[in-house]
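For reference, the structure discussed in these notes is given below.
All ligand and atom numbering here is 1-based and tracks the order in the structure. Keep in mind that what you see is a predicted model, and the values were worked out from it rather than measured.
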Amino acid sequence: MQELRVLGAGRLAWVDAPSPRLSGPGSALVRPIASASCDLDRRLIAGVTPFKPPFALGHECVAEVLEVGDEVTSVRRGDLVSVPWKIACGQCRQCLAGRATACTAVPRHAAYGVPAGGHWGGLFSEVVEVPFADAMLVPLPPGLNPLAVASASDNLTDAWVAASRPIAVRDEARVLVVGGTESLGVLAVQMAVAAGAGSVDYLDDSDYRRALALRSGANVEPGETLDEGYDVVISATRDPQALHRGLLALAPGGHCSCIGIIFEDPKIPLFGMYLRDVTLSVGVCNVRPHIPTVFDLVGSGRCDPLLVSPTVVSCEDAPEALVAPQAKCIVVRERIT
Ligand SMILES: [Zn+2]
Ligand SMILES: [Zn+2]
């Protein structure tokens with residue numbers, strides 16, 4: 001089978017790899033049919049992250065199930081499923097406590113498409129093994145467009161969790177989204193609106209993304225003075241100074257969800273935050289429990305993820321499309337079941 005492999009900084013190609021097999025009675029083999037680029041992927045390809053090549057790329061997809069082990073009960077051959085980015089057993093103490101991102105049954109950081117906790121394959125590959133199929137896979141409801149939820153594995157669900165958690169406990173929340181990565185900021189605008197925000201402002205240097213945020217329901221001219229103006233800030237930027245500005249924009253009692261990955265240790269205005277009694281949450285997202293909600297939001301038209309994924313390409317065109325600037329991209333493959 002073929003996998004899309006990062007070979008070195010800026011070098012991405014389809015290469016032959018051994019076909020994965022069922023490793024146990026609880027595992028499944030799946031074939032990705034709609035794989036999305038995560039906002040991290042372009043940087044992984046460019047070689048500017050701590051994760052060094054070679055490795056198979058991709059950790060967002062909808063796949064068709066090809067084969068399941070004897071003990072798998074929730075899916076069968078031919079089902080369409082969302083495949084979460086994180087490998088997790090669903091049964092260890094951490095998983096049962098809702099912290100699948102810290103699953104102890106596998107190496108720390110075990111995930112698709114990122115060589116941080118071993119190599120588990122990438123979700124652009126032709127075939128992928130899912131070792132804990134019942135715990136991980138989420139079947140798509142009938143009629144849901146696989147392309148629209150290709151990103152439920154990571155970015156789309158991350159945006160929902162980052163927005164909905166703080167908004168759920170604040171009436172008429174005034175929300176500021178600090179954009180800067182390809183899709184997360186605009187997705188966060190859509191999810192903030194869906195979660196019932198009172199207002200959503202969007203801050204970003206990119207005219208392209210500001211136009212998408214405007215279409216998603218944000219005010220994109222928030223003005224110069226942001227300080228202490230927002231109950232909720234969603235920081236989807238890699239720029240430490242933009243994060244800093246977002247933190248200063250928190251009103252007393254506010255909450256900042258930081259979902260843009262910053263590899264450095266940025267300056268945090270901690271004393272001012274202390275005096276305002278604010279919360280900063282940062283961390284990888286445990287997507288699996290929230291994917292059914294995200295399916296409902298997309299199915300009912302309350303968010304439109306395809307707005308940030310205008311490029312849909314074949315496998316052949318994927319290496320070129322994945323290094324192009326601006327937008328999230330979806331790679332499609334024919335079904336065989
Ligand atoms: Zn990701
Ligand atoms: Zn576990």
Q.
Does either side chain, that of Thr101 or that of Asn286, offer a donor lying less than 3.5 Å from an acceptor on the other one?
A. no
Q: With sequence neighbours excluded, tell me which residues meet side chain to side chain contact (heavy atoms under 4.5 Å, CB included) with Arg108.
A: none
**Q.** Residue and atom, protein N/O/S, under 2.8 Å of the Zn ion (ligand 1)
**A.** Cys38 SG, His59 NE2, Asp154 OD2
**Q.** Rounded to 10 degrees, the angle SG of Cys95 makes with SG of Cys92 at the Zn ion (ligand 2)
**A.** 110°
Q. Can you tell me how far the SG atom of Cys285 sits from the NZ atom of Lys86, to the nearest 0.5 Å?
A. 13.0 Å
Q. Is the closest side-chain donor-acceptor distance between Thr104 and Gln94 under 3.5 Å?
A. no
**Q.** NZ/NE/NH1/NH2 to OD/OE distance under 4.0 Å, Arg76 and Glu64
**A.** no
Q: Taking the Zn ion (ligand 2) as the vertex, measure the angle between atom SG in Cys103 and atom SG in Cys89; round to 10°.
A: 100°
Q. Judged by modelled atom types alone, do His255 and Ser281 share a side-chain donor-acceptor pair under 3.5 Å?
A. yes
**Q.** Non-hydrogen atoms of Ala88 and Ala135 that approach each other most closely
**A.** O-CB, 4.1 Å
